[in-house]
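Per chain, numbering begins at 1; letters A, B, ... match sequence-line order.
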2 protein chains.
Amino acid sequence: MGDSRRAVMGRPREFDIDQALERAMRVFWARGYEGASLTELTGAMGITKTSMYAAFGNKEQLFRKALQRYGAGPAAYATLALEEPTARAVALAFLRGAVCTTTPPGGPSGCLTVQGALASSEESRAVHDLLVDWRNDAGVRLEERFRRAVNEGDLPRNADPRRLARFIMTMGFGIAVQAANGLGPAELDEIVDTALIGWPA
Amino acid sequence: MGDSRRAVMGRPREFDIDQALERAMRVFWARGYEGASLTELTGAMGITKTSMYAAFGNKEQLFRKALQRYGAGPAAYATLALEEPTARAVALAFLRGAVCTTTPPGGPSGCLTVQGALASSEESRAVHDLLVDWRNDAGVRLEERFRRAVNEGDLPRNADPRRLARFIMTMGFGIAVQAANGLGPAELDEIVDTALIGWPA
DNA sequence: ACCGTTCTGCACCGACCGGTACTGAACTAA
DNA sequence: TTAGTTCAGTACCGGTCGGTGCAGAACGGT
């Protein structure tokens, strides 16, 4: 599990599993979970359906792996931002990271966790719920960081960490939609600046 | 076209076309364009596929009609808000309206135009683009309203109407995602208040 | 009565969906 | 060499997708 070293026996895999997962992630990113067909996925991965099923299990598990990769890669800003010294710096780093990730020069616009399955048919409810949890978790971690900021005196005593976290998350989601709408990084950064004007001293 | 009076000849339609469209709209709202199958749509509408095709043309045209109805009904707040006397009142009415519409007591959470087709497969690009235009139009109208507010002295001379409009739209989109995430109207209203703290005097 | 028109319901279309059985090929261990 | 194991490619599965052909029912006009 997660061992990049190949098992010793049997015919060796002829494709790079990391690269295949990266490409699958980009297809899910652009198309969403249901919009990404196995044909398009395996086509982008450069492998056959059989190989995909042998390596990843099924479409849903492939998506889960792709989501993991997304969290560790393009969406790592959400975790890294928490390490900024002040609450304001955290908020700014979070939103600037969102802008950066949702407007990659050569990749799909928007956020995988938002486009993935905002609305979905009944069969893929599992994936829908997975993404709801993913997004809510990010909010909770932000809230905890802001609570720490209040305790440290970095935020005013009367500031509401949960409220602030939800506000920043809302802006992050909105940025993802605006990026999908075609706005570029410069315009989105302006929006971020506007949003933080009223940030508590 | 749009005549609610029935044509005089031929067998009369046995269902209420307005009610059928309303129900189709709710299915699209909950499932998105691609996630809503004809089976579920016609099931909710209480008619057969044949009747749907005779009355609306095809799935895409049904969606277009449903989107029209959405704009005139649940999303009318976006237009009504423009009539508020001050820019701040416009922004507040817009966001409160978004909260209200995305958290209806008996209906689907979120915003039809956001969940409809944020990400989509290639075949439904037309619908995707339609929704992008719809969302951008809303932003442009808001921008024009704020520009008027600057001219009227309601907003400071140095305020940037486009930037403010984009900020409000971003909040609106974010609210839609948060509603789909399970947040209720009370929590979303708090977020709106937080967002408007820094609103230019 | 009869015709033209419009709506309904059923059965059906080809295409594509996610997923798999099966045949070999490519490898290690003995 | 042989057996055991794992991967690749083809061809296929049942099911569902959006969409239709067709027969008949329900109407107005004549």
Of A/T50 and B/T50, whose nearest nucleotide on DNA chain C comes first from the 5' end?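 So the residue in question is B/T50.
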Closest nucleotide of DNA chain C for A/A36 versus for B/F15: which of these residues is on the 5' side?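 Here B/F15 is the residue nearer the 5' end.
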Would you kindly give the [atom1]-to-[atom2] distance between [X] and [N], to the nearest whole Å?
X      : N      : atom1 : atom2 : result
A/F28  : C/dG18 : CZ    : C1'   : 12 Å
A/E122 : D/dT16 : CD    : P     : 14 Å
B/M52  : D/dG19 : CE    : C1'   : 9 Å
A/N58  : C/dG19 : CG    : P     : 5 Å
A/Y53  : D/dC7  : OH    : C1'   : 17 Å
B/E34  : C/dC17 : CD    : P     : 11 Å
A/E14  : C/dA26 : CD    : P     : 8 Å
A/L38  : C/dC17 : CG    : C1'   : 8 Å

Map every base of DNA chain D to its dot-bracket character, where paired means a Watson-Crick or G-U wobble contact with both distances under 3.5 Å and | marks a partner outside the strand. ||||||||||||||||||||||||||||||
Does [N] have OP1 or OP2 sitting under 4.0 Å from an N or O in the side chain of [X]?
X     : N      : value
A/T48 : D/dA8  : no
A/K49 : C/dG19 : no
A/S51 : D/dA8  : yes

Partner of A/Y53 under side chain to side chain contact (heavy atoms under 4.5 Å, CB included), chosen from A/L38, A/T42, A/T48: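 Single side chain to side chain contact (heavy atoms under 4.5 Å, CB included) partner of A/Y53 among A/L38, A/T42, A/T48: A/L38.
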Tell me if a side-chain donor or acceptor on A/S124 pairs with a main-chain N or O of A/V127 at a distance below 3.5 Å.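 No; judged by distance alone, with no hydrogens or angles, the pair does not exist.
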Side-chain donor/acceptor contact of B/R11 with base of D/dC27 under 3.5 Å: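 Answer no: no donor N or O sits under 3.5 Å from an acceptor.
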Can you tell whether the side chains of B/R31 and A/E122 come within less than 4.0 Å, N to carboxylate O?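 Here B/R31 pairs with A/E122 in a salt bridge, since their nearest N and O are under 4.0 Å apart.
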Hydrogens and angles aside, do A/R125 and A/S120 bring a side-chain donor and acceptor to less than 3.5 Å of each other?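 Not at all, the side chains of A/R125 and A/S120 share no donor-acceptor pair under 3.5 Å.
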Side chains of B/T194 and A/R163: is there a donor and an acceptor less than 3.5 Å apart?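 Present: a donor and an acceptor within the cut-off.
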Give me the ring orientation class for B/F28 and B/Y33: parallel if the planes are under 30° apart, tilted from 30 to 60°, perpendicular past 60°.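 Plane angle under 30°, so parallel.
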Kindly indicate, with the supporting measurements, whether the criterion ring pair (Phe, Tyr, Trp, His ring centres under 6.0 Å) is fulfilled by B/W199 and B/F146. CA-CA 12 Å; B/W199 190 260; B/F146 288 156; 5.4 Å; yes
